[in-house]
Amino acid sequence: VEDQPSDAELALRALRGLDLGTDIYHLENGAEALNFIFGRAGYDDRRVDEAPDLILLDLKLPKVNGHEVLRALKADERTQDIPVVVLSSSGERADVEQCYALGVNSYVVKPVDFAQFTETVQRIGTYWLQTNEAPV
């Protein structure tokens, strides 16, 4: 979930380059992310039990910010086990602490360098989608 087109494109390229064998979706704001995940408002054909395997979440999103998206996901028993990695330009202690209090699984500050950003996203994807053993 990323509102900056350049960051979204880099992340998509990095993940697609891993050939993870899974669909990858880009959602541009928090409201769209919640509609997608909960199968409403334009995503009525989706079911909540078709949950993503991983959510990469920016914090500074339009419409509904990342903290509110995280709060909604972790408060609902149908979505609380979806791994959420915050990938944000904010390294503010308050943001990190609030995200962990809300149940985030990992918090990563976006590297500014193109190559480091790509490598970071690939490491996140590899760990959560190939290495980590999910409960479901």
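Hydrogens, waters and symmetry mates play no part in the numbers below; they use all other heavy atoms, side chains included. Keep in mind that this is a model prediction, so the values were computed, not measured.
Around the CD atom of E9, the shell of radius 6.0 Å holds more than 12 heavy atoms that belong to other residues, nucleotides or ligands. Heavy atoms from other residues, nucleotides or ligands lying under 6.0 Å from CD of E50 number more than 12.
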Checklist entry - Would Q130 and L18 satisfy side-chain contact (heavy atoms from CB on, under 4.5 Å), going step by step from the backbone distance to the final call? => result CA-CA 10 Å; Q130 293 179 333; L18 292 174; 5.5 Å; no
Item to check | Pair K60-D95, side-chain contact (heavy atoms from CB on, under 4.5 Å): steps then yes or no | outcome: CA-CA 11 Å; K60 310 298 187 215; D95 282 333; 3.3 Å; yes
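Applying the salt bridge (Lys or Arg N to Asp or Glu O under 4.0 Å) rule to pairs touching residues 20-41 yields nothing, sequence neighbours excluded. Residues in residues 85-122 take part in no ring pair (Phe, Tyr, Trp, His ring centres under 6.0 Å) pair, two or more places apart or across chains.
The shortest distance between side-chain heavy atoms of D58 and K110 falls below 4.5 Å. In this structure, H67 and L102 have side chains that are in contact, with non-hydrogen atoms separated by less than 4.5 Å. Residues L54 and I124 form a side-chain contact, since some pair of their non-hydrogen atoms from C-beta on lies under 4.5 Å apart. For the pair V121/L10, no side-chain contact is recorded, criterion being any heavy-atom separation below 4.5 Å from C-beta on. Inter-residue side-chain proximity for R16 and I24 is flagged as met; some heavy-atom pair is nearer than 4.5 Å.
If you chain together hydrophobic residues whose side chains sit under 4.5 Å apart, Y25 and L56 never meet in one group. Grouping the Ile, Leu, Val, Met, Phe, Trp and Tyr side chains by contacts below 4.5 angstrom, directly or via other members, places V109 with L70. Taken together through direct or relayed side-chain contacts under 4.5 Å among Ile, Leu, Val, Met, Phe, Trp and Tyr, V1 and F38 form part of one hydrophobic cluster. Y43 and V64 fall within the same hydrophobic cluster, where Ile, Leu, Val, Met, Phe, Trp and Tyr residues are linked whenever their side-chain heavy atoms come under 4.5 Å apart, directly or through other members. Hydrophobic clustering (side-chain heavy atoms under 4.5 Å, transitive across Ile, Leu, Val, Met, Phe, Trp, Tyr) keeps L27 apart from L129.
With rounding to the nearest 0.5 Å, the separation of CD in E119 from OG1 in T126 is 10.5 Å. To the nearest 0.5 Å, atoms CG (L34) and CG (N29) are separated by 9.0 Å. Going from atom CG of L15 over to atom NE2 of H26 covers 12.0 Å, rounded to the nearest 0.5 Å. Of the inter-residue distances, the one linking L73 atom CG with D81 atom CG reads 11.5 Å to the nearest 0.5 angstrom. Between atom OG of residue S106 and atom CH2 of residue W128 there is a gap of 6.5 Å, rounded to the nearest 0.5 Å. Of the inter-residue distances, the one linking Q122 atom CD with R13 atom CZ reads 12.0 Å to the nearest 0.5 angstrom.
Under a 3.5 Å cut-off, the side chain of K74 and the backbone N or O of I82 do form a donor-acceptor pair. Without hydrogens or angle criteria, N105 side chain to V85 main chain gives no donor-acceptor distance under 3.5 Å.
Between S88 and the options L59, V96, L57, a side-chain contact (heavy atoms from CB on, under 4.5 Å) holds for only L59.
Nearest heavy atom pair, residue I37 against residue P52, reads CG1-CG, 4.4 Å. Smallest separation of non-hydrogen atoms from Q4 and E2: N-OE2, 2.9 Å. Between V86 and C99, the shortest heavy-atom distance links the atoms CG2-SG, 3.9 Å.
Ion pairing between a basic and an acidic side chain is recognised when a charged N comes within 4.0 Å of a carboxylate O; K63 and D3 show no such pairing.
R78 is linked by a salt bridge (Lys or Arg N to Asp or Glu O under 4.0 Å) to D76, counting only residues two or more places apart in sequence or in another chain.
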